[in-house]
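Written below as structure tokens is the structure these notes are about.
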Amino acid sequence: QVQLVESGGGLVQAGGSLRLSCAASGRTFSSYAMGWFRQAPGKEREYVAAISWSGGGTYYAVSVKGRFTISRDNAKNTVYLQMNSLKPEDTAVYYCAARQGPGATYSDYLYDYWGQGTQVTVSS
């Protein structure tokens, strides 16, 4: 069982930056691939970024590539999402998710555990 708690969301102007954190419980964090997803009002949840259990593989949605960076610190049981050059269309609730096994994926149905989400609002 893994519990995930996101933090770091907030209100920021377009062009600004935020760093989201996702703290995981348990001693087996390094055996989980991690992902970030987001859901805007009235829209379906969408994939943002993913990272393999070692951190050696990182993957991004086209809409955020070059602006967002996913990373993890297995010693701290935490995964991060650094978001730069934010746009109003990045406004959403951001969720982290954990998938047991090494491989990161963009498919949300393959993730086993989810956090409660953190709101990110980007004003124009």
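Keep in mind it's a predicted model, so treat the numbers as computed, not measured.
Closest approach of Val2 and Tyr113 over heavy atoms only: O-CD2, 3.5 Å. Taking all atoms of both residues into account, the shortest heavy-atom contact from Gly117 to Glu6 is N-OE1, 2.9 Å. Between Ala14 and Ser124 the shortest heavy-atom distance is CB-CA, 4.4 Å. In terms of heavy-atom proximity, Leu4 sits nearest to Cys22 at CB-SG, 3.9 Å. Residue Ser31 comes nearest to Thr28 through the heavy atom pair OG-O, 2.6 Å, listed as atom of the first residue, atom of the second, then distance.
Listed for the Gln100 side chain is no donor-acceptor partner under 3.5 Å among the backbone atoms of Asp112. Put simply, the side chain of Asn74 never gets that close to the backbone of Ser30: no donor and acceptor are under 3.5 Å apart. A donor-acceptor pair under 3.5 Å is formed between the side chain of Ser25 and the backbone N or O of Gln3. Remark: the backbone N or O of Ala92 is not paired with any side-chain donor or acceptor of Gln39 at under 3.5 angstrom.
Note: the hydrophobic cluster containing Leu18 also contains Tyr60 (ILVMFWY, side chain heavy atoms under 4.5 Å, direct or indirect links). Linking ILVMFWY side-chain heavy atoms closer than 4.5 Å, directly or via other members, places Val12 and Val64 in a single hydrophobic cluster.
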(request) Using the side-chain contact (heavy atoms from CB on, under 4.5 Å) rule, take Trp36 and Phe68 through it: C-alpha gap first, then chi angles, then the decisive distance, then the call. (result) CA-CA 11 Å; Trp36 284 97; Phe68 290 11; over 6 Å; no
(request) I would like to know whether Arg72 and Trp53 meet side-chain contact (heavy atoms from CB on, under 4.5 Å); could you show each step before the answer? (result) CA-CA 9 Å; Arg72 66 189 296 161; Trp53 61 2; 4.3 Å; yes
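Partners of Thr91 by side-chain contact (heavy atoms from CB on, under 4.5 Å), not counting sequence neighbours, listed by chain and number: Gln119, Thr121, Val122. Applying the salt bridge (charged side-chain N to carboxylate O under 4.0 Å, His left out) rule to Asp108 yields the partners Arg45; only residues at least two apart in sequence or on another chain are considered. Evaluation of the salt bridge (charged side-chain N to carboxylate O under 4.0 Å, His left out) rule for Arg38 yields Glu46, Asp90 as partners, not counting sequence neighbours. Contacts of Arg19 classified as salt bridge (charged side-chain N to carboxylate O under 4.0 Å, His left out), with partners at least two apart in sequence or in another chain: none.
Ile51 CD1 to Ile70 CD1: the interatomic distance, rounded to the nearest 0.5 Å, is 5.0 Å. In this structure, the separation between OG on Ser52 and CZ on Arg99 is 11.5 Å, given to the nearest 0.5 Å.
In this structure, Tyr47 belongs to a hydrophobic cluster whose other members, linked by side-chain heavy atoms under 4.5 Å apart, are Phe37, Tyr59, Val93, Tyr95, Tyr106, Tyr111, Trp114.
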With a 3.5 Å cut-off and sequence neighbours excluded, list the donor-acceptor pairs that the side chains of residues 75-83 form with protein atoms.
unit_1 : atom_1 : unit_2 : atom_2 : d
Asn77  : ND2    : Ala24  : O      : 3.4
Asn77  : ND2    : Gly26  : O      : 2.6
Thr78  : OG1    : Lys76  : O      : 2.8
Gln82  : NE2    : Asn84  : OD1    : 2.9

